[in-house]
> 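Before I ask anything, let me first share the structure, which is written out below as structure tokens.
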Amino acid sequence: MVEEFNSIYIYHLKGNARTSGEQRRKEKDNVFGEGSRAPVAIVFLVKNPASKEKGKIYFHSVDDYLTREQKLKEVSDFGSIANMTWEEIIPDKHGDWLNQKDDSFEKYISIIDKANSHTPAIFKDYAVGISTNRDAWVYNSSKTDLKKNLDRTIKSYNTAVDRVKNGEAVSNVISSTTNDIAWTVGSKSKFSQLIKQNFDENNIIEGMYRPFNKQNLYYEKNPFFVERPGRWSDLLPTKKDTINRIITINQRGGTSEEFNAIMTDKFCDLHFNGDSQCFSRYIYVEVNGKFEIKDAINDNALEHFRLAYNNVEISKDDIFYYIYGILHSLEYRAKYENNLAKELPRIPRVATHEQFKSFTEAGRKLAELHVNYESQPEYSDVTIKGEETRNYYVNQMKWGKIAGKTGNASKDKTILIYNDDITISNIPLEALEYVVNKKSALDWIVERACVSTDKKSGITNDFNQYGIEQGNPRYPLSLFLRVITVSLETMKIVKSLPKLEIHPLDKE
């Protein structure tokens, strides 16, 4: 546009409903009401053949928190762009008009060399979260129900193979089995081979579906069951016996509150943490039928950090947890929010070895909280009413209600209505500060601890069954109380992180 037009005027009316938290409140109403969830702008493109000047960009935005009516009144009152005050925008070297990146970010070591440009990077490789394209079929809180669902879909699939072999049209077979089989590019490709499928119970593992939401997952590197299995055979190849820790990051969004990192030691779904990009401590390599464990951190990354601290003893474990600490720094996220919205993290070296150790120790503590969240102590400073009924079955957890309010503003998050019998009160609001993948950790529990039925397949996923099958029907209540602890301890660590002071070598 800057090459074709003489001047460009952008009048930004906000209204982005795909944001969350404070940013969502700033965006407020859309000028098209419920007709659009996307932000709206009026753009004037001016072309004047008589003028040699090109590429002038002017920007004006409505204030935050305005209602639809207030925005429309402003448009009407201005009447013309001639009556408006404009900010001139000069694009940076990256071509960004708004939310321009901080160029000091480029001086730090990359977390991964995705472009294979042979520039220094910390990790040798990465993976993305698993994309099944048939979540209802291959994820379930109940292992028993998961087996039944897979048995149903495999029987239907194998019958479909026989129908085609007997002369029935492929299109007719596919259209008549959509409630039993999630037909995708991968499953159709398998179907074209007319090879029947088999069920192997050893392929049922535990996977992280959403933050603090563990599910049974049927994982097989087979496009019939898992559309895009990713490279998880390199991270956890024997599924149940191999050990690893994996930092997952979420790049979606564009504000500091939306970038986040969370660690797991399980297979994780693509949307476990936004569009999960995963960096593991180890990589497994198959040699003569056995898996050998290899470091996933480059040797030159180790030397990179040792050089900054006069070659003191630093391990690759230290670097791994240092990264996790840095990625939780509120100062780091705020300073580089525009960079983190557009590219993978780069990791600065902090000014002193003592600061490095502080970030490393914080990263270890955060990892322990997030990986082993189910073994953290239950938060006890709440009031639980109705537990004497021992009715721990939950259909859908709900927050308390504030009279006279609507929408999210009506939720009293100091109170949880667990079920018809049990209510939890005096929940500390500080726990809601821990946000991962656009929601607080507690909001994830409230959302996912439920009984839901997939409309297309009719498959029910009953969250209660995860605990019941382990002999612990109280699991949903216990999980909520443990995640309060996780949230409070996480924020305590995050708020005590050292100031982000950059080493002189990363300023050159």
Side-chain angles (χ1 to χ4, degrees), residues 20-22 141-142 208-215 257 260 262 272 365-366 368-452 460-495:
S20 61
E22 186 61 23
S141 299
S142 165
M208 297 305 300
Y209 186 62
R210 295 292 183 269
F212 308 103
N213 176 221
K214 197 177 289 182
Q215 297 273 291
E257 67 178 0
N260 58 77
I262 186 169
F272 165 61
K365 291 178 180 177
L366 290 166
E368 179 64 25
L369 285 168
H370 302 158
V371 172
N372 298 314
Y373 65 92
E374 290 173 309
S375 61
Q376 301 306 312
E378 294 183 7
Y379 183 75
S380 58
D381 289 342
V382 291
T383 302
I384 304 176
K385 292 184 179 179
E387 190 174 2
E388 66 276 4
T389 65
R390 302 185 67 82
N391 172 22
Y392 297 116
Y393 193 87
V394 58
N395 282 295
Q396 177 69 73
M397 293 183 186
K398 296 178 182 178
W399 293 113
K401 295 282 287 183
I402 299 174
K405 300 282 187 177
T406 60
N408 196 55
S410 70
K411 296 177 182 177
D412 181 354
K413 295 189 177 182
T414 65
I415 297 173
L416 179 77
I417 302 169
Y418 178 88
N419 60 20
D420 290 342
D421 293 327
I422 298 175
T423 300
I424 305 172
S425 58
N426 298 322
I427 298 167
L429 288 176
E430 295 89 343
L432 279 300
E433 293 180 24
Y434 177 44
V435 173
V436 55
N437 193 5
K438 298 188 178 182
K439 294 186 181 75
S440 74
L442 291 179
D443 277 316
W444 278 115
I445 306 302
V446 172
E447 177 183 297
R448 305 307 306 180
C450 66
V451 181
S452 60
T460 295
N461 191 337
D462 183 347
F463 183 82
N464 300 276
Q465 294 304 316
Y466 183 83
I468 290 171
E469 291 181 355
Q470 297 180 47
N472 180 19
R474 190 177 178 273
Y475 177 80
L477 178 60
S478 177
L479 178 65
F480 185 84
L481 297 174
R482 294 181 196 278
V483 173
I484 293 177
T485 299
V486 170
S487 299
L488 291 172
E489 291 302 310
T490 294
M491 294 314 300
K492 187 185 299 182
I493 294 167
V494 167
K495 290 178 181 179

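These numbers come from a predicted model, not from an experiment.
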> Is the shortest side-chain heavy-atom distance between Ile415 and Thr423 below 4.5 Å?
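The answer is yes, as the side chains (C-beta and beyond) meet within the 4.5 Å cut-off.
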> Throw together a table of side-chain donor-acceptor distances under 3.5 angstrom for residues 425-435, partners on residues two or more places apart or in other chains.
residue, atom, partner, partner atom, Å
Asn426, ND2, Thr383, OG1, 2.8
Glu433, OE1, Lys495, NZ, 2.7
Tyr434, OH, His370, NE2, 3.3

> Roughly how far, to the nearest 0.5 Å, is NZ of Lys398 from SG of Cys450?
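One gets 11.5 Å once the value is rounded to the nearest 0.5 Å.
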> Under the side-chain contact (heavy atoms from CB on, under 4.5 Å) rule, what do Ile262 and Met208 come out as? Steps first, then yes or no, please.
CA-CA 11 Å; Ile262 186 169; Met208 297 305 300; over 6 Å; no
> Is it true that atom CG of Asn391 has more than 12 heavy atoms of other residues, nucleotides or ligands lying nearer than 6.0 Å?
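Atom CG in Asn391 is crowded, with more than 12 foreign heavy atoms closer than 6.0 Å.
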> Any chance the side chains of Asn461 and Ser141 put a donor and an acceptor closer than 3.5 Å?
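Result is yes, a qualifying pair exists.
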> Working to the nearest 0.5 Å, report the span between CD1 of Ile384 and CD of Glu378.
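Result: 7.5 Å between the selected atoms.
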> So how far is it from Met397 CE to Ile424 CD1, rounded to the nearest 0.5 Å?
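Reported to 0.5 Å precision, the distance equals 7.0 Å.
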> Hey, what do you get for CD1 (Ile484) to CG (Leu479), rounding to the nearest 0.5 Å?
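Rounded to the nearest 0.5 Å, the CD1-CG separation comes out at 10.5 Å.
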> Would you say the side-chain atoms of Asn437 pair up with the backbone N or O of Pro211, donor to acceptor, closer than 3.5 Å?
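Pair absent, no side-chain N/O of Asn437 close to backbone of Pro211.
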> Would you call Lys214 and Glu374 a salt bridge, using N to O less than 4.0 angstrom?
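Counted as a salt bridge, because a side-chain N and a carboxylate O are separated by less than 4.0 Å.
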> Start with the C-alpha gap between Trp444 and Val483, add the side-chain angles, then the distance that decides, and say whether side-chain contact (heavy atoms from CB on, under 4.5 Å) holds.
CA-CA 10 Å; Trp444 278 115; Val483 173; over 6 Å; no
> Within this structure, what is the CD1-CZ distance for the pair Ile422 and Arg390, rounded to the nearest 0.5 Å?
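Reported to 0.5 Å precision, the distance equals 9.5 Å.
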> Do any N or O atoms from the side chain of Arg482 and from the backbone of Tyr373 form a donor-acceptor pair under 3.5 angstrom?
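No, the answer is negative, given that no donor and acceptor are paired below the 3.5 Å cut-off.
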> For the backbone of Val446 and the side chain of Gln396, can you confirm whether one donor and one acceptor N or O come within less than 3.5 Å of each other?
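A pair under 3.5 Å: yes.
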> Would one find more than 12 heavy atoms of other residues, nucleotides or ligands at under 6.0 Å from atom NZ of Lys411?
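More than 12 heavy atoms, drawn from other residues, nucleotides or ligands, come within 6.0 Å of this atom.
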> What's the verdict on side-chain contact (heavy atoms from CB on, under 4.5 Å) for Leu416 and Leu442, showing C-alpha distance, side-chain angles and the deciding distance?
CA-CA 10 Å; Leu416 179 77; Leu442 291 179; over 6 Å; no
> Ignoring hydrogens, what is the shortest heavy-atom contact between Asn213 and Phe463? Give both atom names and the distance.
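Shortest heavy-atom separation between Asn213 and Phe463 comes out as ND2-CE1, 3.5 Å.
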> Give a yes or no answer on whether the side chain of Ser410 reaches the backbone of Lys401 with a donor-acceptor pair at less than 3.5 Å.
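Such a contact is absent between Ser410 side chain and Lys401 backbone.
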> Would you call Lys405-Asp412 a salt bridge at under 4.0 Å N-O?
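Not counted as a salt bridge, because no side-chain N and carboxylate O are separated by less than 4.0 Å.
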> According to salt bridge (charged side-chain N to carboxylate O under 4.0 Å, His left out), who are the partners of Lys492, at least two apart in sequence or on a separate chain?
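Result, salt bridge (charged side-chain N to carboxylate O under 4.0 Å, His left out) vs Lys492: Glu489.
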> Verify whether one side chain among Asp462 and Tyr393 offers a donor that lies under 3.5 Å from an acceptor in the other.
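Side chains of Asp462 and Tyr393: pair found under 3.5 Å.
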> Are the side chain of Tyr392 and the backbone N or O of Pro476 linked by a donor-acceptor pair below 3.5 Å?
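The answer is no, because no donor-acceptor pair under 3.5 Å joins these two groups.
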> Can you measure from OG1 (Thr485) to OH (Tyr379) and round to the nearest 0.5 angstrom?
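Separation between the atoms: 8.0 Å.
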> Starting from the C-alpha separation in whole Å, work towards a yes-or-no answer on side-chain contact (heavy atoms from CB on, under 4.5 Å) for Gln215 and Arg210.
CA-CA 9 Å; Gln215 297 273 291; Arg210 295 292 183 269; over 6 Å; no
